[in-house]
Amino acid sequence: MAIQILPDTIVAQIAAGEVVERPASVVKELVENSLDAGATHIRIEIGEDGRKLIRVSDNGSGLHSSEVELAFARHATSKLRSVDDLSEIRTLGFRGEALASIASVSRVNVTTRHVDEQLGTMLLLEGGVLQQRRAVGAPAGTVLAVENLFFNTPARLKFLKTAATEKRQIVQVVTRYALAYPDVRFVLEQDGREIFRSNGSGNLADVLVTALGLDEFKHMLPVEDEVTLASGDVTIGVRGFTSAPSLNRADRNRITLFVNGRWIQDTSLTYAVVQAYHTLLMTGRYPVAVLMISVPPSEVDVNVHPTKAEVRFRDADAVFSAVQRAVRRAVIAQAQTPTLRAAQYVSRGLSQDAGWESGLGGRQLGMGLQLSEPGDYARRGDALPEAVRDDTEIPEGPEGPLRPRTLPMLRVVGQIGASYIVTEGPAGMYLIDQHAAHERILYEQFMEEYARQEAIAQHTLDAQTIQFPAAEARLVEENLDVLRNFGFLLEPFGPNTFVIRSVPAMLADSDPVEVVSGIVDDLMLGKEPGQEAIEDRIVLRVCKQAAVKAGQILSHEEMQSLIRQLERCRSPHTCPHGRPTMIHLSSEHLAREFGRLGAVSH
Ligand code: ADP
Ligand code: MG
């Protein structure tokens with residue numbers, strides 16, 4: 001092929017790939033423009049998942065009638081004049097690329113009136129090509145509608161995720177900006193239905209309650225700190241909220257960071273937040289945080305990536321320690337007031353992780369010990385019979401014969417560390433992880449009930465409400481039927497709130513709010529869940545929750561009943577997550593370890 005200069009429309013489409021990957025990126029760019037235009041009220045309407053329609057209306061400055069077309073040209077921006085300006089960006093936009101890119105892959109209808117003008121302008125573009133223009137009466141501000149996104153780039157359409165995922169991403173984007181700009185009123189509507197709103201009160205806590213739900217917000221601690229560097233002229237501010245260790249998640253995605261009002265992704269700063277919880281959270285658990293970091297604009301380079309979600313700091317280490325210090329202070333301040341809540345999380349943490357060091361941990365250790373106090377344990381241990389005669393006859397229940405045995409008959413010897421059951425079988429000693437084993441048992445029972453298409457036994461609750469962050473509430477809504485099949489009856493109850501009517505019977509003793517939020521957490525983790533995966537994840541979570549915990553002292557009868565059931569599991573050797581349920585030390589191995597093998601016995 002001969003070399004050719006690409007026509008502008010194609011160049012714009014290529015650039016569009018960088019800036020507008022998906023409906024949520026269009027929402028992001030348009031909202032940024034509204035914020036840059038000084039809007040105090042931004043309404044975002046989407047049709048379906050945004051592919052059909054994204055309309056952003058603002059009460060910002062509006063565009064001059066002489067500049068409306070220009071705004072859609074590539075590299076047209078009012079936010080940058082010279083290279084020098086690049087080092088002091090105070091606006092969210094500066095590349096002048098978004099409108100051109102968006103217009104090149106959709107049909108755009110914009111109505112705008114500049115505050116200083118009498119008449120507004122209406123423009124219609126298709127694939128970036130001007131179709132219509134006329135003067136119209138309009139309120140000051142801008143209404144920009146993007147229709148049929150990616151109609152002319154079928155390849156990009158193919159890369160979009162399910163409608164549900166795209167919708168969730170949009171909710172996330174809007175929520176983030178609402179958090180970063182609490183004094184701006186945001187309203188998000190989908191197909192005419194309001195799904196998110198912030199009140200523009202200027203109070204971050206107000207937005208956070210809406211974004212996280214009251215249940216989560218109750219665990220959030222205020223962060224407010226400022227560090228002035230030795231040079232004296234650079235001050236780094238960190239404010240926002242971070243979770244008490246009682247609220248934690250399986251992934252880092254709930255750590256939300258903003259630098260000078262811009263949402264950023266930064267693994268290093270995310271790590272700074274996690275680090276601040278050192279020894280306070282189990283490994284693999286992460287806090288929830290929303291932090292506003294402020295630095296002088298000259299200290300940060302925002303011109304790193306087309307989506308502007310990455311930044312580079314002049315003094316990255318200083319920002320890292322400022323964030324870490326601010327969060328650590330907030331968490332420690334809370335931890336120093338022992339409350340009932342603190343005692344709860346400590347005891348829960350203890351049961352699974354003994355990694356409590358440092359002065360702080362030591363003090364809390366005392367608080368958390370109720371569960372497995374040495375005295376208590378010894379007393380109960382003394383009461384246990386030294387060895388109990390094995391009841392080799394297993395009575396057949398009224399429901400007929402039991403399932404075939406998959407393990408030899410095991411005799412329960414005792415419990416160690418309130419976590420492991422020591423048993424003896426024909427081939428030596430079996431050390432069984434009580435939690436993993438119980439998870440396995442419950443999992444097989446649950447799956448059997450489900451396979452027989454029996455309604456899962458339910459436990460009805462007195463009206464218990466649960467509130468979710470908007471994105472999660474959507475996910476719950478989409479999965480109400482699946483959840484019902486597993487015994488969770490949830491009913492929508494006001495914005496992002498549900499009433500939990502019932503849970504599976506095996507969870508009768510668990511905190512329903514904790515169980516349901518655990519499930520939703522797991523569902524959020526799966527990026528592209530197929531039906532089967534969703535169901536699996538629900539079952540896994542239910543079993544995990546219902547199973548006896550490590551750190552729980554079991555009576556001899558309880559241990560025996562657990563072992564009897566494990567002996568008849570299809571796959572008794574692993575828990576449903578694939579971890580081992582038992583360690584086997586053969587008689588031979590024991591003999592060898594004690595130097596008895598081959599030796600003449602005494
Ligand atoms: P950038 O935001 O990087 O400058 P855009 O392509 O997003 O580039 O926008 C181009 C220009 O159009 C902006 O610089 C701004 O002057 C104008 N503009 C875009 N959206 C709005 C809006 N909602 N209100 C007022 N002006 C706007
Ligand atoms: Mg812009």
Side-chain angles (χ1 to χ4, degrees), residues 8-9 11-21 24-45 54-83 85-86 88-106 108-117 120-123 125 128 130 133 136 138-146 149 173-174 176-177 180-181 184-187 260-263 297 301-309 311:
D8 282 353
T9 46
V11 173
Q13 281 188 14
I14 293 170
E18 293 174 54
V19 190
V20 286
E21 300 188 85
S25 21
V26 174
V27 173
K28 169 183 182 288
E29 293 296 336
L30 297 184
V31 166
E32 286 191 350
N33 281 347
S34 297
L35 288 167
D36 282 345
T40 56
H41 188 179
I42 302 175
R43 171 184 300 271
I44 302 107
E45 296 158 89
I54 295 170
R55 185 189 292 126
V56 176
S57 318
D58 68 51
N59 64 348
S61 63
L63 284 136
H64 260 286
S65 54
S66 61
E67 292 186 348
V68 190
E69 278 92 340
L70 191 58
F72 289 90
R74 293 203 63 212
H75 307 305
T77 178
S78 56
K79 304 169 192 175
L80 201 65
R81 283 281 164 270
S82 67
V83 184
D85 293 347
L86 253 186
E88 281 232 9
I89 297 283
R90 288 168 192 275
T91 49
L92 293 166
F94 55 85
R95 288 170 187 268
E97 234 163 27
L99 289 188
S101 298
I102 293 168
S104 75
V105 292
S106 67
V108 168
N109 190 330
V110 59
T111 300
T112 181
R113 177 169 75 81
H114 192 270
V115 276
D116 298 338
E117 291 184 313
T121 311
M122 193 286 285
L123 222 65
L125 299 98
L130 185 64
R133 169 198 234 273
V136 290
T142 305
V143 180
L144 200 151
V146 176
L149 186 62
V173 165
V174 174
R176 272 182 213 135
Y177 282 101
Y181 294 84
V184 174
R185 183 144 47 105
F186 285 85
V187 177
N260 296 348
R262 182 189 306 279
W263 174 71
D301 182 5
V302 292
N303 190 21
V304 178
H305 192 264
T307 62
K308 299 165 288 183
V311 297

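We count ligands from 1, going down the list as the structure has it; atoms in each ligand are counted the same way.
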In the protein, what heavy atom is nearest to [atom], and what distance, to one decimal place, separates them?
| atom | value |
| --- | --- |
| atom 4 (O) of ligand 1 | T77 OG1, 2.6 Å |
| atom 8 (O) of ligand 1 | G96 CA, 3.1 Å |
| atom 10 (C) of ligand 1 | A76 O, 3.4 Å |
| atom 23 (N) of ligand 1 | D58 OD2, 2.9 Å |
| atom 25 (C) of ligand 1 | A37 CB, 3.5 Å |
| atom 14 (O) of ligand 1 | S78 N, 2.9 Å |
| atom 18 (N) of ligand 1 | L63 CD2, 3.9 Å |
| atom 2 (O) of ligand 1 | K79 NZ, 2.7 Å |

Distance-only, no hydrogens or angles: does the [X] side chain make a donor-acceptor pair with backbone N or O of [Y] under 3.5 Å?
| X | Y | answer |
| --- | --- | --- |
| R74 | A100 | no |
| R133 | L123 | no |
| Y181 | G261 | yes |
| D58 | I42 | no |
| N59 | G141 | no |
| R113 | H64 | no |

Show me which atoms of ligand 1 lie under 4.0 Å from any heavy atom of [X].
| X | answer |
| --- | --- |
| T142 | 22 (C), 23 (N), 24 (N) |
| G93 | 2 (O), 3 (O) |
| E97 | 6 (O), 8 (O) |
| A71 | 10 (C), 12 (O) |

With respect to [X], determine whether any N or O atom, backbone or side chain, lies less than 3.5 Å from an N or O atom of ligand 1.
| X | result |
| --- | --- |
| N33 | yes |
| A100 | no |
| L99 | yes |

Can you tell me if G62 has a non-hydrogen atom under 4.0 Å from ligand 1?
->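 For ligand 1, residue contact (heavy atoms, under 4.0 Å) with G62 is present.
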
G62 to T142 - nearest heavy-atom pair and separation | CA-OG1, 3.6 Å

[X] side chain near [Y] side chain, heavy-atom distance below 4.5 Å:
| X | Y | value |
| --- | --- | --- |
| R43 | F186 | no |
| S34 | V56 | yes |
| L144 | V108 | yes |
| I102 | E29 | yes |

Decide, counting backbone as well as side-chain atoms, whether T77 has an N, O or S atom less than 2.8 Å from the Mg ion (ligand 2).
-> no

